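What you see is a predicted model; the values in this text were computed from it and never measured. Letters A, B, ... are given to chains in the order of the sequence lines, protein chains preceding strands, and every chain is numbered from 1.
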Amino acid sequence: MNLWELPTLDLAKELLGMKLIHDDDKGTTSGYIVETEAYLGPEDRAAHSYNNRRTARTEVMYDEAGTIYTYFIYGMHVCFNIVSGPVNKPEAILIRALQPIEGIEEMKERRVRAKTEIQLTNGPGKLSKAMGFTLSDNGKKMNEENIRIEEGIELGVHEISSGPRIGIQYAEEAVHYPYRFWIKNNPYVSR
DNA sequence: CGCATGATCGCCT
DNA sequence: GGCGATCATGCGG
């Protein structure tokens, strides 16, 4: 089975427990993905690509699954996403939280404000900072450059929860769609 | 070109 | 629970 051929909602669940790895000049940082959110293109009011909106920013969402989509939000945070679905269907999965594995000391240096290890990566902006993801990662292909996905923990369906997405109050009917997925009882999940 | 807004975080009460 | 920070992006003029 090719991971990147999965429908977006399935991929969002499949990514849980997998290992996300970043190599750069500071070394390697990695973590298990413990929380994701799916954004389903044209019909999903919460998605940047709602109604097939196509701009310089959303362009990578139309690319092939496994392309990396990073964007800047609230004047200070980077969010890290993986494009999914067929080419020209602008869907993506936001990585919302990680459980750190490697490079924890480097993460602490990058996340000076974090008081506990949990706070290093328990939110989309936090994990980007801890892992060293930036806008320059936008458009990279997963597993072709310095950002990789590997098998991690195998999860059963009963270990996964779902619920409404966070921070999309403007999205009208899409507000309640259960497109957020997380590993049950994992302490690194946001909120 | 100006300006409103946001897939958040951290600090304050 | 509330709010200010701070700027890339998108859209209107």
Side-chain angles (χ1 to χ4, degrees), chain A residues 7-13 15-16 20 29 31 33-63 65-85 89-100 107-140 142 147 161-183 187-191:
Chain A
T8 296
L9 290 174
D10 295 335
L11 179 58
K13 286 176 267 191
L15 287 173
L16 293 174
L20 179 63
T29 46
I33 296 170
V34 301
E35 182 180 356
T36 59
E37 276 180 3
Y39 287 87
L40 302 189
E43 305 81 31
D44 180 1
R45 206 175 279 268
H48 293 158
S49 53
Y50 175 62
N51 210 14
N52 272 316
R53 183 157 77 162
R54 194 157 188 158
T55 65
R57 180 175 68 158
T58 63
E59 189 60 33
V60 295
M61 292 184 75
Y62 292 80
D63 211 334
T67 301
I68 288 162
Y69 171 39
T70 55
Y71 64 87
F72 198 71
I73 194 72
Y74 295 118
M76 55 187 90
H77 304 296
V78 173
C79 288
F80 181 90
N81 302 254
I82 303 173
V83 173
S84 66
K89 270 206 93 189
E91 305 181 336
I93 295 164
L94 170 67
I95 307 301
R96 287 194 55 89
L98 296 176
Q99 174 175 335
M107 291 184 186
K108 286 178 180 167
E109 285 183 32
R110 289 171 172 154
R111 293 267 307 121
V112 181
R113 293 235 175 74
K115 295 191 187 66
T116 67
E117 192 171 311
I118 300 273
Q119 295 170 358
L120 289 174
T121 53
N122 68 337
K126 298 178 197 177
L127 94 248
S128 294
K129 183 91 176 168
M131 295 285 287
F133 295 138
T134 67
L135 291 188
S136 68
D137 294 315
N138 192 49
K140 288 182 180 174
M142 193 63 85
I147 301 174
S161 293
S162 63
R165 294 169 292 183
I166 307 290
I168 53 153
Q169 304 86 330
Y170 57 87
E172 303 183 27
E173 80 280 356
V175 162
H176 303 295
Y177 295 174
Y179 291 173
R180 172 176 173 243
F181 305 97
W182 65 94
I183 299 179
Y188 294 87
V189 171
S190 68
R191 304 201 149 180

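Across all strands shown, nothing is found opposite B/dA7 as a Watson-Crick or G-U wobble partner with both distances under 3.5 Å.
A/L127 has its CG atom 12 Å from the P atom of B/dT8, to the nearest Å. The nearest whole Å value for the distance from the CZ atom in A/F133 to the P atom in C/dA8 is 21 Å. Taking atom CG on A/L120 and atom P on B/dC9, their separation rounds to 13 Å, with Å as the unit. For the pair A/I68 CD1 and B/dA7 P, the computed distance is 20 Å after rounding to whole Å. We find that CG of A/N81 is positioned 13 Å from C1' of B/dT8, with the value rounded to whole Å. Straight-line distance from the CD1 atom of A/I168 to the P atom of B/dT8: 9 Å, rounded to whole Å. One interatomic measurement links the two molecules: CG of A/L40 to C1' of B/dA7, which rounds to 13 Å at whole-angstrom precision. In this structure, A/Y71 places its OH atom 15 Å from C1' of C/dC7, rounding to the nearest Å.
Comparing A/M76 and A/T55 by the nucleotide of DNA chain C that holds the closest heavy atom to each, the one mapping nearer the 5' end is A/M76.
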Show me the protein contacts with nucleotides 10-13 of chain B, counting only N or O atoms at under 3.5 Å.
residue : atom : partner : partner atom : Å
B/dG10  : OP1  : A/R111  : NH1          : 2.6
B/dG10  : OP1  : A/R111  : NH2          : 3.0

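Here A/M131 contributes atom CE and A/L120 contributes atom CG; the two are 11.5 Å apart, rounded to the nearest 0.5 Å. With rounding to the nearest 0.5 Å, the separation of OH in A/Y71 from NE2 in A/H77 is 11.0 Å.
Closest to the side chain of A/I73, out of C/dA5, C/dC11, B/dA7, is B/dA7. Taking the side chain of A/H77 as heavy atoms from C-beta on, and the options C/dA5, B/dC9, B/dA7, the nearest nucleotide is B/dC9. In this structure, the nucleotide among C/dG10, B/dA7, C/dC7 sitting nearest to the side chain of A/M61 is B/dA7.
Between A/F80 and A/F133, the angle of the ring planes stays under 30°, which puts this pair in the parallel group of the 30/60° scheme.
The ring of A/Y39 lies on top of the base of B/dA7, close enough and flat enough: under 5.5 Å between centres, under 30° between planes.
Considering A/H48, A/R165, A/E91 as possible partners of A/Y39, the one that fulfils the side chain to side chain contact (heavy atoms under 4.5 Å, CB included) test is A/R165.
Using modelled atom types and a 3.5 Å distance limit, the side chains of A/T121 and A/Q99 yield no donor-acceptor pair.
Side-chain N/O atoms of A/Y74 and base N/O atoms of C/dA5 include no donor-acceptor pair closer than 3.5 Å.
Within the structure, every side-chain polar atom (N or O) of A/Y179 is placed at least 4.0 Å from both OP1 and OP2 of B/dA7. OP1 or OP2 of C/dG10 has at least one side-chain nitrogen or oxygen of A/R57 nearer than 4.0 Å. Phosphate contact (OP1/OP2 of B/dA7, side-chain N/O of A/R180, threshold under 4.0 Å): absent.
Contact of the A/R180 side chain with the A/I166 side chain is registered, since non-hydrogen atoms from C-beta on lie closer than 4.5 Å.
With sequence neighbours excluded, the residues forming a ring-ring contact (aromatic ring centres under 6.0 Å, His included) with A/Y177 are A/Y179, listed by chain and number.
Between A/G132 and A/R110 the shortest heavy-atom distance is N-NH1, 3.5 Å.
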